[in-house]
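As the structure is a computational prediction, the values presented were derived from the model and not from experiment.
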Amino acid sequence: MTAASNPLLDFSGLPRFDAIQSTHVTPAVDALLADCRQTVARITADATAIGWDTFVAPLEDANERLMRAWGVVGHLHAVKDSPDLRDAYNENLPKVTEYWTELGQNLDLFNRYKALRASREYEALPLPRRRIVDNEIRDFRLGGAELPAAEKARYKAIAEEQAALGSKFSENLLDATNAFALVIEDAGRLSGLPGDVLAAAREAAEKDGKRGWKFTLQAPSYLPVLQYADDRALRETIYKANVTRASEFGAPKLDNTPLIDRILALRDEEARLLGYPSFACVSLVPKMAGAPREVLDFLEDLAARARPFAERDMRELAEFARSALGLGRIEAWDALYASEKLRQKRYAFSDQEVKEYFPEPRVLEGLFRVVETVFAVRIKPDHAPVWDADARFFRIESAAGALVGQFYLDLYARDTKRGGAWMDDAITRRRKGHAIQTPVAYLTCNFARGVTGPDGAKRPALFTHDDVITLFHEFGHGLHHMLTQVEDLGVAGINGVEWDAVELPSQFMENFCWEWDVLRHMTGHVDTGRPLPRELFDKMIAAKNFQAGMQTVRQIEFSLFDMLLHHDFDPQAQTPLALLQAVREKVAVMHPPEYNRFPNTFSHIFAGGYAAGYYSYKWAEVLSADAYGAFEEEGPLSDTAGARFLAEILSRGGSRPAAENFRAFRGRDPNIDALLRHNGMMTA
């Protein structure tokens with residue numbers, strides 16, 4: 001089989017999304033797995049010398065081809081799901097998982113890495129390659145390489161089942177999201193909803209051949225209902241549908257409850273096989289945090305500092321909801337609505353008013369301007385096959401015009417696309433002979449697309465300020481991947497970066513969304529083109545930390561639940577829901593109704609790689625807030641601070657520990673005070 005007959009086997013350039021079919025998946029995976037296994041057999045033969053070029057490089061080459069092809073399949077599964085592709089993905093997922101598991105348990109390979117580590121060649125290797133060798137030895141141990149044969153077989157079965165369950169969890173959530181639709185024909189029930197939201201809902205209904213307005217559980221549809229709809233019953237209906245997705249309240253075949261129980265049991269068994277007391281201990285081995293107790297102490301300390309502010313926020317909201325809105329007891333489906341009304345009253349502006357100043361073309365122009373100014377690069381439109389008409393392609397060049405990186409940008413929600421926002425790597429930077437392989441990233445969001453205006457003209461997509469922050473966040477991940485200067489695959493870009501530090505560049509980029517010198521150049525009213533008024537910006541700044549206490553304890557709630565679930569949880573004595581409720585009793589200031597099934601939609605930890613790692617968002621926020629302090633000191637668009645951030649953090653990838661990267665940039669260890677100050681939670 002050749003690249004000519006199967007585009008998934010073509011590694012000469014960018015993925016051929018215009019040619020890839022679901023029928024290509026199995027033949028490509030089988031061919032690549034066969035090649036990988038032949039490579040492993042060859043490099044572990046007794047006659048093969050111990051050295052980087054003799055066994056590390058050939059294995060890296062073979063594995064990269066598999067990762068690139070399977071990465072394309074996984075990407076399509078996430079952004080353009082179909083029955084045929086889903087079947088092909090799930091047919092091949094066990095085979096790919098089996099290979100990675102057997103590779104991680106290969107004693108011959110493990111012994112070769114240990115021999116290389118003990119050799120004179122190791123001392124002569126560049127630092128990135130030494131770190132790769134050290135990481136591999138660590139990962140062989142975590143992969144069960146030292147287990148007896150019977151336990152290796154069990155570990156392998158556990159890994160394969162976990163992969164299948166994670167995929168099923170995501171699919172159930174997507175299908176449950178798509179299974180709900182609410183068509184409203186009575187315009188009176190839609191009081192309060194913005195015009196663009198109503199236009200999108202009407203277009204959705206018309207597409208189905210129905211009258212009225214159609215609302216779904218995709219974020220651009222249901223969030224505005226919770227935030228703006230005056231009809232309390234409508235808000236409750238949408239809220240309940242959203243928080244009971246993929247649970248026993250819906251179709252039994254889409255219920256994630258048994259999957260959660262099984263995933264947790266398998267993770268616990270995996271940890272015991274490896275000799276660890278809990279899966280959290282396994283998860284933390286390659287992270288910055290040393291032990292579950294260190295993470296719990298960090299979260300509990302942050303909760304103690306944030307909770308007084310959260311309690312104040314909740315008192316203010318409850319009083320406002322009672323006195324100004326006549327709601328009596330504030331319920332979960334009232335929170336966003338009441339918060340928006342309170343913000344409008346207190347700061348005299350609404351999210352909808354701000355949104356009019358953020359049409360997509362101006363936002364992208366402003367984002368690119370920040371990146372170009374701070375990091376001395378240029379971003380230009382480029383050409384490549386894409387998977388959907390929504391997707392676009394760009395290139396990043398150095399100031400001298402050299403190609404640095406490329407990225408796909410897919411911004412809008414679709415019913416074939418999983419929810420959320422993320423960055424993933426398509427191709428990673430590495431040296432191949434005399435050439436450098438250009439890194440390529442996928443940047444994916446789920447924003448509302450443009451709608452037809454009252455005059456019948458198509459309007460551009462309008463972003464909320466939160467959307468803008470999300471876009472900057474994901475672009476930060478992309479910069480980490482694309483601006484690396486490391487030339488070895490295993491630690492280039494985000495590879496090899498500790499999971500609890502990988503959010504540093506993304507959260508760092510969010511800070512630019514609050515700078516006047518940034519926003520005045522990236523806004524233009526959708527109708528008049530007038531930039532964001534300084535008066536409105538000042539109101540936004542005044543409201544920046546509105547309910548920051550409540551938002552912080554909510555993230556701590558999720559993080560504590562995740563860590564305790566994977567460290568100190570007894571399924572015989574407690575259910576995950578009961579554990580979550582116990583966490584809420586300690587840190588939450590607003591409690592959802594009994595039917596809320598948040599764990600069933602918590603794909604970050606059950607299908608997204610964040611198991612015993614969700615705390616990373618807050619951990620990395622300490623790093624990012626303190627890192628941005630350099631730009632507060634030198635100027636928000638400082639190219640000198642940008643050059644240091646690029647040199648010491650973005651360009652380094654995983655070639656040295658994240659703590660060393662931070663110290664090299666700031667000259668000291670991080671301090672939590674910057675995070676508290678950024679969130680308005682410093683006490684006198």
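- A salt bridge links Arg272 with Asp268: the closest approach of a Lys/Arg side-chain nitrogen to an acidic carboxylate oxygen falls below 4.0 angstrom.
- Electrostatic pairing of Glu102 and Arg37 counts as a salt bridge here, judged by a charged N lying under 4.0 Å from a carboxylate O.
- We find that Lys287 and Glu294 are not joined by a salt bridge, their nearest charged nitrogen and carboxylate oxygen being 4.0 Å or further apart.
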Derivation and outcome, side-chain contact (heavy atoms from CB on, under 4.5 Å), residues Asn671 and Arg677: CA-CA 11 Å; Asn671 190 316; Arg677 176 171 54 81; over 6 Å; no
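- Salt bridge Lys618/Glu621: present, at least one basic N to carboxylate O contact under 4.0 Å.
- Residue pairs meeting the salt bridge (Lys or Arg N to Asp or Glu O under 4.0 Å) criterion with at least one partner in residues 485-496, sequence neighbours excluded, are Arg129-Asp488, Arg429-Glu487, Arg431-Glu487.
- In this structure, Arg663 and Arg668 have side chains that are not in contact, with every pair of non-hydrogen atoms separated by 4.5 Å or more.
- One side chain, Tyr99 or Asn63, offers a donor N or O that lies under 3.5 Å from an acceptor on the other.
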For the pair Arg42 and Thr39, evaluate side-chain contact (heavy atoms from CB on, under 4.5 Å) and give the outcome as yes or no after the intermediate values. CA-CA 5 Å; Arg42 186 175 69 253; Thr39 300; 3.9 Å; yes
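- Paired with Asp10 under the rule salt bridge (Lys or Arg N to Asp or Glu O under 4.0 Å), one option of Arg16, Arg68, Arg65 passes, and it is Arg16.
- Here the CG atom belonging to Asp568 is positioned 8.5 Å from the CG atom belonging to Leu296, to the nearest 0.5 angstrom.
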Can you give the donor-acceptor pairs under 3.5 Å from side chains of residues 653-660 to other protein atoms, not counting sequence neighbours?
from: Ser655; atom 1: OG; to: Arg652; atom 2: O; distance (Å): 2.7
from: Arg656; atom 1: NE; to: Asn661; atom 2: OD1; distance (Å): 2.4
from: Arg656; atom 1: NH2; to: Glu648; atom 2: O; distance (Å): 3.4
from: Arg656; atom 1: NH2; to: Glu648; atom 2: OE1; distance (Å): 2.5

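- Aromatic ring centres of His477 and His481 lie farther apart than the 6.0 Å criterion allows.
- Partner of Phe394 under the ring pair (Phe, Tyr, Trp, His ring centres under 6.0 Å) criterion, chosen from Phe475, Phe368, Tyr408: Phe368.
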For Glu503 and Ser506: C-alpha separation, side-chain torsions, deciding distance, then whether side-chain hydrogen bond (donor to acceptor under 3.5 Å, both in side chains) applies. CA-CA 5 Å; Glu503 297 293 335; Ser506 55; 2.9 Å; yes
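- The shortest distance between side-chain heavy atoms of Leu103 and Trp100 falls below 4.5 Å.
- A salt bridge does not link Arg138 with Asp134: none of the charged nitrogens is closer than 4.0 Å to a carboxylate oxygen.
- Residues Trp422 and Tyr442 keep their aromatic ring centres 6.0 Å or farther apart.
- Looking at every heavy atom in both residues, Val404 comes nearest to Ser398 through CG2-N, 3.4 Å.
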Worked verdict on Phe665 versus Phe662 for ring pair (Phe, Tyr, Trp, His ring centres under 6.0 Å): CA-CA 5 Å; Phe665 175 65; Phe662 185 91; 7.2 Å; no
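- To the nearest 0.5 Å, atoms CD (Glu64) and CG (Leu66) are separated by 10.5 Å.
- Looking at His678 and Glu510, their side chains never bring a donor and an acceptor atom within 3.5 Å of each other.
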Kindly indicate, with the supporting measurements, whether the criterion salt bridge (charged side-chain N to carboxylate O under 4.0 Å, His left out) is fulfilled by Arg666 and Glu633. CA-CA 12 Å; Arg666 283 300 261 158; Glu633 295 159 9; 3.2 Å; yes
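- In this structure, Tyr614 has its ring center at least 6.0 angstrom away from the ring center of Phe561.
- Between Tyr113 and Phe140, the gap from one ring centroid to the other is short of 6.0 Å.
- In this model, no donor atom of one side chain and acceptor atom of the other lie less than 3.5 Å apart for Tyr615 and Asp562.
- Checked against the 6.0 Å centroid criterion, the rings of Tyr610 and Tyr617 qualify as a close aromatic pair.
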